[in-house]
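Just below is one structure, and these are the notes that go with it.
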Amino acid sequence: RTRPGVPPARRVILRKGRMPPAIGGGLAGSELRPRRGRCVPQAARAVSRDVVPQAAARKLKRPAWSSRRFQAAGWWATLAVVTLLSFATRFHRLDQPAHICWDETHFGKMGSYYINRTFFFDVHPPLGKMLIGLAGYLSGYDGTFLFQKPGDRYEHHSYMGMRGFCAFLGSWLIPFAYLTVLDLSKSFPAALLTAALLTFDTGCLTLSQYILLDPILMFFIMAAMLSMVKYNSCANRPFSAPWWFWLSLTGISLAGALGVKFVGLFIIVQVGLNTISDLWHLFGDLSLSLVTVGKHLTARILCLIVLPLVLYVTIFAVHVMVLNKSGPGDGFFSSAFQARLSGNSLHNASIPEHLAYGSVITVKNLRMAIGYLHSHRHLYPEGIGARQQQVTTYLHKDYNNLWIIKKYNANTDPLDPSFPVEFVRHGDIIRLEHKETTRNLHSHYHEAPLTRKHYQVTGYGINGTGDSNDFWRIEVVNRKFGNRIKVLRSRIRLIHLVTGCVLGSSGKILPKWGWEQLEVTCTPYLKETTNSIWNIEEHINPKLPNISLDVLQPSFPEILLESHMVMIRGNNGLKPKDNEFTSKPWHWPINYQGLRFSGANDTDFRVYLLGNPVSIPALSA
């Protein structure tokens, strides 16, 4: 500290912590200048020592700035090399093999469906297949290749656009991983090692070169992870342009990941936990006002919840708008849903409103993805109940879904013009005769093929003549529609008259002897479930007037809900088929076994997916 009465020059010297000059009073300006041949006074030496470090510091600024420029150039050069190497490895020999590999038979076919606007069903959300179809369309593919089985050659069909699109997205995984690790660890060697492991991992490389959902899914997952890390790094600059950009990009990437596959939920959980941690620290920061905390909360709700939901719903809106033609997926959905599909028998159709005896009908189960009551000439095998004609449910439109509804005690033809029309009413006892085989819907006390304590359902009789086990009582659930039974709108149950059981479908897939269709049983448990509730869909009766079905078409929210119910049920029903190779989670990190990608037929080029034995354990760790 300075003392009062000390001259200014001396104060400076005292502040610097140096000894005062021997002379008293202030120093003249001439004394501060060094003279040739003489010693410089102490005050001059002190001032000169103060000036020298400042001048040196100014000189050092230029090399530091140059060093930063050099570091930035090196950063961009490294990123460019990593990116170029990633693209080079993914696009190398992309056209080989020129035949279908593995699941290209599914996702290439679904891309064709989008180009042809043909409705289909898949257990995954539609974004990945839509992008594949768009890539094919823009690259000149016309959607005519059948994609029947692995090994089929593409011949003259343009497939490189779809493969190239998947390889393009797969190539960005390495730069994304490089930037993510660099931002998290601030370690250039760690980021470079991560990029090298992913670049030369044969499993990741192989998945990126074919028409698959995996590279599209991984692209959105890695983009969401990188965006989350980047907006975390902007935490000291909240509400700045970069902060909003990375936060919004995180939400967009979350919608993309979930829009490709439901396993995208895992990255949503990751981002959700990160967001909860952020908000927890913000709520605990007492230096922030409630208004500021409210802004943080609102920003995350808008960018990480509202924005992804809007985009996800938009994906389905486009999906429904594009696929407006009847196709192989119709039977998975309700009758009202099918009425909106051009080419479906229910589209712009007019059918008799009330069910009458003699009508040819299809009976559809109301549980999602169960299908139509079906029979065919094949018999149950030995040891599976009675050796009678099989009755199943089938998801696709087929002539074997047609049944004729008749009185239980009459063999006359109700369509005879001499007979008046007689409507089927709630509580009537009926029999259903299979139109193609003329056998009656039948049940007895034999056990069902797959479901214990349920009774077997078969086709029995000749030309409609059977026994009392062919009799069923038809009931309208809750009796909402009065005595008569309305087509499509009445929810009905069929009660077996002898055993008292209820016709239903367990949803279980029959073995190969049952053509992998779904089991139909007669359950003694009378509780009302969707498994045992049916409706009448197609209805043919020339003696009755028709009504239009346009009023039955569902709204978009109903379509969205039904689509998700069907997808969830489809995912739950996925099971490995006989002799199908399967793997367990503990197999993956140790690279236990690979997967043959190309066809099993004699081809000149085959692909076998096998993870890199060096990089897989490293990445798992």
Side-chain angles (χ1 to χ4, degrees), residues 355 357-365 370 372-394 400-414 424-476 485 492-506 508 510 513-514 517-529 531-534 536:
L355 186 61
Y357 288 105
S359 297
V360 178
I361 62 173
T362 57
V363 184
K364 193 174 190 300
N365 194 279
I370 290 293
Y372 301 92
L373 188 65
H374 178 95
S375 188
H376 40 238
R377 297 187 183 277
H378 301 280
L379 306 181
Y380 286 101
E382 290 287 349
I384 307 295
R387 189 168 169 77
Q388 296 176 4
Q389 184 169 296
Q390 296 176 17
V391 173
T392 63
T393 57
Y394 187 51
N400 283 323
N401 299 341
L402 298 176
W403 301 81
I404 304 172
I405 186 166
K406 294 186 175 183
K407 286 189 173 183
Y408 77 100
N409 57 356
N411 286 321
T412 56
D413 183 8
V424 181
R425 300 178 181 274
H426 167 77
D428 280 3
I429 299 173
I430 64 167
R431 60 184 174 89
L432 287 176
E433 180 182 315
H434 191 240
K435 187 174 185 299
E436 293 297 307
T437 62
T438 70
R439 298 187 187 274
N440 295 326
L441 185 68
H442 178 97
S443 187
H444 42 226
Y445 287 105
H446 292 277
E447 193 172 72
L450 302 179
T451 307
R452 298 184 59 188
K453 298 183 179 180
H454 285 211
Y455 301 139
Q456 182 187 33
V457 177
T458 67
Y460 179 75
I462 300 175
N463 294 325
T465 302
D467 59 25
S468 60
N469 282 327
D470 304 338
F471 302 157
W472 303 81
R473 184 171 66 253
I474 187 169
E475 295 182 352
V476 178
I485 295 174
I492 63 173
R493 299 202 307 164
L494 294 172
I495 314 295
H496 192 244
L497 204 60
V498 174
T499 63
C501 59
V502 182
L503 183 73
S505 175
S506 65
K508 297 177 180 178
L510 294 169
W513 56 257
Q517 296 173 7
L518 303 185
E519 179 191 37
V520 169
T521 69
C522 198
T523 172
Y525 309 107
L526 302 182
K527 182 180 178 180
E528 290 183 5
T529 63
N531 297 59
S532 60
I533 299 177
W534 310 77
I536 308 300

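All of these numbers come straight from a predicted model, not from anything done at the bench. What you see below is based on every heavy atom in this structure, not just the backbone, and it leaves out hydrogens, waters and symmetry mates.
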(request) Would you check if the side chain of Thr362 reaches a backbone N or O of Asn401 as a donor-acceptor pair within less than 3.5 Å? (result) no

(message) Would Tyr357 and Ile430 count as a side-chain contact (heavy atoms from CB on, under 4.5 Å) here? Give the steps.
(response) CA-CA 9 Å; Tyr357 288 105; Ile430 64 167; 3.8 Å; yes

(request) Could you tell me how the ring of Tyr408 sits relative to the ring of Phe471: parallel (under 30°), tilted (30 to 60°) or perpendicular (over 60°)? (result) perpendicular

(message) Quick check: do Thr392 and Leu518 have side-chain heavy atoms less than 4.5 Å from each other?
(response) no

(request) To the nearest 0.5 Å, tell me how far Arg431 CZ sits from Ser468 OG. (result) 13.0 Å

(message) Does any part of the side chain of Trp513, heavy atoms only, come nearer than 4.5 Å to the side chain of His378, both counted from C-beta?
(response) no

(message) Contact between Val391 and His434 at the side-chain level, heavy atoms closer than 4.5 Å - yes or no?
(response) no

(message) Distance check, rounded to the nearest 0.5 Å: Arg452 atom CZ versus Ser506 atom OG?
(response) 14.5 Å

(request) Check step by step if side-chain contact (heavy atoms from CB on, under 4.5 Å) holds for His426 and Glu475. (result) CA-CA 5 Å; His426 167 77; Glu475 295 182 352; 3.8 Å; yes

(request) Evaluate side-chain contact (heavy atoms from CB on, under 4.5 Å) for Tyr445 paired with Thr499, printing each intermediate quantity in order. (result) CA-CA 7 Å; Tyr445 287 105; Thr499 63; 3.6 Å; yes

(request) Mind checking the CD1-SG spacing from Ile495 to Cys522? Nearest 0.5 Å is all I need. (result) 8.0 Å

(request) Taking all non-hydrogen atoms of both residues into account, name the closest pair between Tyr455 and Ser443 and its distance. (result) CB-OG, 3.9 Å

(message) How long is the straight-line distance from OG1 of Thr465 back to CG of Asp470, given to the nearest 0.5 Å?
(response) 9.5 Å

(request) Kindly indicate whether the side chain of His496, heavy atoms from C-beta on, has any atom under 4.5 Å from the side chain of Trp472. (result) yes

(message) Within this structure, what is the CD-OG distance for the pair Gln517 and Ser375, rounded to the nearest 0.5 Å?
(response) 9.5 Å

(message) Within the 4.5 Å heavy-atom criterion, are Glu433 and Thr438 side-chain neighbours or not?
(response) yes

(message) Let me confirm one number: the CD1-OG distance from Ile485 to Ser359, rounded to the nearest 0.5 Å.
(response) 11.0 Å

(message) Has Gln390 got a side-chain atom pairing as donor or acceptor with Leu379's backbone, closer than 3.5 angstrom?
(response) yes

(request) Over all heavy atoms of both residues, which pair between Leu450 and Glu519 is shortest? Give the atoms and the distance, please. (result) N-OE2, 2.7 Å

(message) Please give me the minimum heavy-atom distance between Trp534 and Leu503, naming the atom from each residue.
(response) NE1-O, 3.2 Å

(request) Decide yes or no for Gln388 and Gln456: does some side-chain heavy atom of the first lie under 4.5 Å from some side-chain heavy atom of the second? (result) no

(message) Taking Tyr380's backbone N and O only, do any of them form a donor-acceptor pair with Arg387's side chain (distance below 3.5 Å, no angle check)?
(response) yes

(request) Going by the side chain to side chain contact (heavy atoms under 4.5 Å, CB included) test, name the single residue among Val363, Ile474, Ile405 that passes it with Ile536. (result) Val363

(message) Do Asn365 and Ile533 make a side-chain contact, defined as non-hydrogen atoms from C-beta onward lying under 4.5 Å apart?
(response) no

(request) Answer yes or no: is there a donor N or O on one side and an acceptor on the other, between the side chain of Trp403 and the main chain of Leu373, under 3.5 Å? (result) yes

(request) Output, in order, the C-alpha distance, side-chain angles, deciding distance and verdict of side-chain contact (heavy atoms from CB on, under 4.5 Å) for Asn531 and Thr521. (result) CA-CA 10 Å; Asn531 297 59; Thr521 69; over 6 Å; no

(message) In terms of relative ring orientation, are Tyr394 and His374 parallel, tilted or perpendicular, with 30° and 60° separating the classes?
(response) tilted

(request) State, yes or no, whether a side-chain contact exists between Thr523 and Thr529 at a heavy-atom distance under 4.5 Å. (result) no

(message) How close do Asn440 and Gly466 get, counting heavy atoms only, and between which atoms?
(response) ND2-N, 3.8 Å

